[in-house]
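Just below is one structure, and these are the notes that go with it.
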Amino acid sequence: MSARDRYIEALITADEIVREMPERAPDDPTGVESETKAALRVALADAVRRARDGDVTPGSATAASLSRRLVDGNGTRDPSATIYSALEAIDAAREEAVSGALQLLPPATLQSLAESGPTVPPSYLPLIVRFALLVPTTTDADRNTRLVSLQSTGGLRMIPAFASRGQLDRWSAQARADSTSVSLTQIETLLQLAQRAQVDGIVIDPGGRNVVIPIDKSPLLETHDARLPARVPLSFGGAANVSPELVAAARRAAQNTPGVSAVYAVSVVEGTATPRLVWVVKNDAADQTALRAFANHFVASVPSGSPIDILDADTPLGQAVQESVSPVYRDEQG
C-alpha cells in the first residue's frame with residue numbers, strides 16, 4: 001500500500017467514526033449537531049476525492065480544523081476519544097504522503113499564471129516545475145502510451161493538461177475523448193516529453209484558463225533568474241491552529257454586518273515567505289461598505305496590534321478559496 005493509499009484509508013476511517021456518532025436530539029443533548037456531522041463528512045469526502053486525483057494538500061481536513069469544528073458542534077472534548085486519534089492519524093499519514101507525492105498545481109498559482117497573460121513568463125517556471133498536472137494519454141495499436149495533442153486556431157500543436165479533475169472531465173466530455181487515460185505528471189517531466197514530441201507548447205485547462213507554456217522556454221529551467229516573482233501565491237489551504245478567540249471574533253463581526261455571507265480563514269504561502277493568515281470575506285452587498293464595516297467590527301474586537309489581513313472573496317484568490325476551503329462562518333439565512 002502506497003503512502004497516498006494510507007492517507008486515503010485514514011480519511012475513510014475517520015469518516016466511518018463520524019458517521020457512527022450519535023446526533024443531538026431533544027432527549028439526548030450530548031450528541032453532536034447534525035450540521036456539524038454533515039460538514040465533517042463533506043470535508044473528509046472532499047479530501048478523499050482530491051487524494052484519489054493525486055492532490056494530498058489538506059484543504060480543510062486537518063486535525064486542528066476538524067477538531068475545532070467538532071468541538072464547536074457540541075462534539076466530545078475528551079482528547080482520548082477515538083475520533084481525535086483518527087484525526088491525528090490523518091495528519092501523520094498526510095505528512096508521509098506529501099513527502100513523496102506529486103502535488104497538483106494549486107488553484108491560486110494557476111490563477112496567478114492566468115492573470116500574467118496568455119503565456120507563462122520565464123521567471124515563473126521555477127515556481128511550477130515541481131508541481132504536477134493531469135495529462136490525457138492514449139494507447140496505440142502496439143500498446144504504447146501516447147500524449148494527446150490539440151491543434152490551436154493559430155495552427156500550433158499543443159498538449160492539453162489540467163490542474164483539476166473537474167476541468168479535465170469537462171474537457172473530455174466536450175472533446176468526446178472517452179478512450180483516453182489520465183497520467184499525473186510532474187511539469188518538469190511534461191516539458192521534456194513535449195520537447196520529444198515536437199509540439200509547440202502545453203496548454204493548461206484548455207477551454208478554461210488556457211494558460212500556455214511554450215516549449216521554447218524550457219531551457220530557462222536551467223538558466224532562470226533565481227529571484228521569485230513578487231506576491232505569487234504558491235499554495236493555500238484552510239488555516240490550522242487559528243486562535244478560537246479570533247474565529248469567534250470573525251463570526252461576531254460577520255453576524256453584525258449585513259451583506260457578509262461567509263468568512264474563510266486561510267493560510268497563504270507566497271514566494272519563499274512563511275504562511276500568513278488571511279480572512280477571505282464574501283460580500284453580497286453592492287459596494288464595499290459591508291467589507292469595511294466587517295473590518296471595523298473585527299479589528300475592534302481583537303487585541304490591539306493584532307495583524308488582520310482581509311481579502312474580498314470577489315477576487316481571483318478569493319474565488320479559488322471558495323472552491324477549496326470550508327468557511328468558518330456562513331450565513332445560513334442568506
Side-chain angles (χ1 to χ4, degrees), residues 1-24 31-76 81-98 101-108 132 134 162-170 172-173 182 184 235-240 242 247 262-267 280 282 319-330 332:
M1 181 182 292
S2 69
R4 181 163 63 96
D5 289 337
R6 286 191 289 272
Y7 171 51
I8 292 171
E9 186 178 72
L11 290 166
I12 293 173
T13 298
D15 177 67
E16 291 172 348
I17 295 172
V18 172
R19 184 186 62 198
E20 298 301 321
M21 286 180 175
E23 293 185 10
R24 189 171 187 174
V32 67
E33 298 283 358
S34 59
E35 294 84 355
T36 298
K37 185 173 177 179
L40 289 170
R41 297 200 67 193
V42 167
L44 291 166
D46 178 65
V48 169
R49 176 187 57 78
R50 289 186 291 104
R52 284 174 173 160
D53 286 342
D55 179 7
V56 293
T57 53
S60 59
T62 63
S65 175
L66 296 174
S67 298
R68 183 174 63 248
R69 187 177 295 183
L70 179 61
V71 170
D72 289 347
N74 202 46
T76 177
T82 305
I83 181 59
Y84 292 115
S85 299
L87 296 181
E88 292 295 337
I90 288 174
D91 278 4
R94 182 191 307 109
E95 289 180 9
E96 182 185 1
V98 167
L102 292 175
Q103 299 291 300
L104 277 171
L105 185 68
L134 296 167
F162 301 86
S164 73
R165 184 75 197 207
Q167 188 65 26
L168 169 62
D169 290 343
R170 285 189 288 273
S172 296
V182 179
L184 181 66
S235 62
F236 71 87
V242 182
V247 173
V263 179
Y264 303 78
V266 297
S267 177
V280 177
K282 184 169 174 54
Q319 296 284 353
V321 166
Q322 292 178 77
E323 296 173 2
S324 308
V325 177
S326 298
V328 296
Y329 167 83
R330 186 186 297 279
E332 302 296 344

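Residue numbers count from 1 along this sequence. Note that this is a predicted model, so its numbers are computed, not measured.
Between Ile12 and Val48 there is a side-chain heavy-atom pair separated by less than 4.5 Å. Looking at Leu11 and Asp15, their side chains never come closer than 4.5 Å, going by heavy atoms from C-beta outward.
Taking CZ from Arg41 and OG1 from Thr36, the interatomic distance works out to 14.0 Å, rounded to the nearest 0.5 Å. A distance of 10.5 Å separates CG of Leu105 from OG of Ser164, quoted to the nearest 0.5 Å. Taken to the nearest 0.5 Å, the CG atom of Leu40 stands 7.0 Å off from the CE atom of Met21. Between atom CD of residue Glu16 and atom CD1 of residue Ile83 there is a gap of 11.0 Å, rounded to the nearest 0.5 Å.
The shortest non-hydrogen separation linking Val32 to Gly73 is CG2-O, 3.4 Å. Here the shortest heavy-atom pairing between Ile90 and Ala10 reads CG1-O, 3.7 Å. In terms of heavy-atom proximity, Ala51 sits nearest to Ile8 at CB-CG1, 3.6 Å. The minimum heavy-atom distance linking Tyr7 with Ala93 is given by the pair CA-CB, 3.6 Å.
Among the candidates Leu87, Thr76, Ile17, the single residue satisfying the side chain to side chain contact (heavy atoms under 4.5 Å, CB included) test with Thr82 is Ile17.
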Query raised in the report: Can you list the steps and then say if Val263 with Val280 is a side chain to side chain contact (heavy atoms under 4.5 Å, CB included)?
Result: CA-CA 6 Å; Val263 179; Val280 177; over 6 Å; no

Report task. Evaluate the criterion side chain to side chain contact (heavy atoms under 4.5 Å, CB included) for residue pair Val247 and Arg68; output intermediate values, then yes/no. Result -> CA-CA 10 Å; Val247 173; Arg68 183 174 63 248; 4.2 Å; yes

**Report entry** Test side chain to side chain contact (heavy atoms under 4.5 Å, CB included) applied to Arg330 and Tyr264, step by step
**Finding:** CA-CA 9 Å; Arg330 186 186 297 279; Tyr264 303 78; 4.0 Å; yes

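Under the side-chain hydrogen bond (donor to acceptor under 3.5 Å, both in side chains) criterion, Asn74 pairs with no residue at all, not counting sequence neighbours. Judged as a side-chain contact (heavy atoms from CB on, under 4.5 Å), and not counting sequence neighbours, Val42 has no contacts. With sequence neighbours excluded, no residue forms a salt bridge (charged side-chain N to carboxylate O under 4.0 Å, His left out) with Glu35. Considering only residues two or more places apart in sequence or on other chains, Phe162 meets the ring pair (Phe, Tyr, Trp, His ring centres under 6.0 Å) condition with Trp171. Taking the side-chain hydrogen bond (donor to acceptor under 3.5 Å, both in side chains) definition, one finds that Glu33 meets it with Arg24, sequence neighbours left out. Scored by the salt bridge (charged side-chain N to carboxylate O under 4.0 Å, His left out) test, Arg19 finds no partners at all (sequence neighbours excluded).
With respect to the salt-bridge test (charged N to carboxylate O, under 4.0 angstrom), the residues Arg69 and Asp72 do not qualify.
In this structure, Lys37 contributes its side chain and Glu23 its backbone to no donor-acceptor pair below 3.5 Å.
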